[in-house]
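Read the structure below first, then the notes.
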Amino acid sequence: KGIETRILAFSKHGKVYVGRRIAEQTMNIVVFSTAFLPAFAHGGVPYAAYYLCEALKRRGHEVSVVTSDLNWNRKLDVEKDQWTQFCGIPVAYCTTYVKPYIFAPSMGRIVKSLGSNVDIIVSAGTFWNYPFVLAHRLAQKANVPHVVYPHGLFEPWALRHHSLRKKAFYWLGHRRLIQKSSAIVAL
């Protein structure tokens with residue numbers, strides 16, 4: 001009680017939508033996530049990404065998810081490298097070859113299949129890996145906003161986990177990518 005919630009979004013036409021006005025224009029949003037449901041063993045990111053997509057759909061937006069086929073140390077038993085559905089949300093589970101970096105070459109091809117009909121690209125829980133870099137590059141190429149939703153990846157305990165690798169990624173280019181992002185969601 002007493003806390004005002006505002007939803008902020010950008011369109012590729014440079015308009016900013018706040019609050020209820022966001023529902024006036026349907027936007028096509030692509031969400032990149034390190035994992036997505038049914039990756040139940042992967043922690044909180046798949047759930048947070050799913051609920052983000054559900055909330056955006058309730059507001060009338062078109063939402064698609066590009067994610068890995070990982071379920072922690074296992075692979076999901078889902079259709080891979082093509083569009084499928086999870087609870088009414090279009091999802092592309094991409095075959096992952098290098099786990100820590102979540103290298104999945106089919107991600108770029110999958111997003112290209114959407115054409116130029118993308119208004120916003122969101123990175124949900126993807127900072128230390130390939131989906132984040134790809135999302136940023138695709139957003140720049142399409143001249144659409146790239147919104148970063150770190151889901152706790154910058155918490156001190158998370159930064160301490162594999163800290164040397166994260167410091168290397170940060171100083172070798174991820175810092176520049178985060179600075180060039182259109183917005184960062186911090187809750």
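Only a predicted model underlies this, so the values are computations on that prediction, with no experimental measurement involved.
Residues Phe32 and Ile184 are members of one and the same hydrophobic cluster, defined by side-chain heavy-atom contacts under 4.5 angstrom among Ile, Leu, Val, Met, Phe, Trp and Tyr. The cluster map of Ile, Leu, Val, Met, Phe, Trp and Tyr, joined by side-chain heavy atoms under 4.5 Å apart, puts Leu70 and Val45 in different clusters. Linking ILVMFWY side-chain heavy atoms closer than 4.5 Å, directly or via other members, places Tyr97 and Trp72 in two distinct hydrophobic clusters. Linking Ile, Leu, Val, Met, Phe, Trp and Tyr whenever their side-chain heavy atoms come within less than 4.5 Å puts Val91 and Ile29 in one cluster. One hydrophobic cluster, built from ILVMFWY side chains closer than 4.5 Å, cannot hold both Trp171 and Leu164; they sit in different ones.
Shown here for Ser106 and Cys94, the closest heavy-atom pair between the two residues is OG-CB, 3.3 Å. Minimum interatomic distance between Tyr93 and Pro38 (heavy atoms only, all atoms of both residues): OH-CD, 3.4 Å.
The aromatic rings of Tyr130 and Phe103 sit perpendicular, their planes meeting at an angle over 60°, well past the 30° parallel limit. Ring planes of Phe36 and Phe86: perpendicular class, angle over 60° (limits at 30 and 60°).
Residues satisfying the side chain to side chain donor-acceptor pair (under 3.5 Å) criterion with Asn28, sequence neighbours excluded, are Asn117.
The distance from atom CG of Leu134 to atom NZ of Lys141, rounded to the nearest 0.5 Å, is 10.5 Å. In this structure, CZ in Phe127 is found 10.0 Å from CG in Asn129, a value given to the nearest 0.5 Å.
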Next item on the list: Test side chain to side chain donor-acceptor pair (under 3.5 Å) on His146 and Ser123 and set out the steps.
Entry: CA-CA 7 Å; His146 177 220; Ser123 291; 2.6 Å; yes

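The closest donor-acceptor contact from the side chain of Asp69 to the backbone of Lys75 lies at 3.5 Å or more, if one exists at all. A distance-only check finds no donor-acceptor pair linking the side chain of Ser182 to the backbone of Val147 [under 3.5 Å]. Between the side chain of Asn71 and the main chain of Ala41, a donor-acceptor pair closer than 3.5 Å is present. One N or O on the side chain of His61 and one on the backbone of Met27 form a donor-acceptor pair closer than 3.5 Å.
Atom CZ of Phe40 has more than 12 heavy atoms from other residues, nucleotides or ligands within 6.0 Å.
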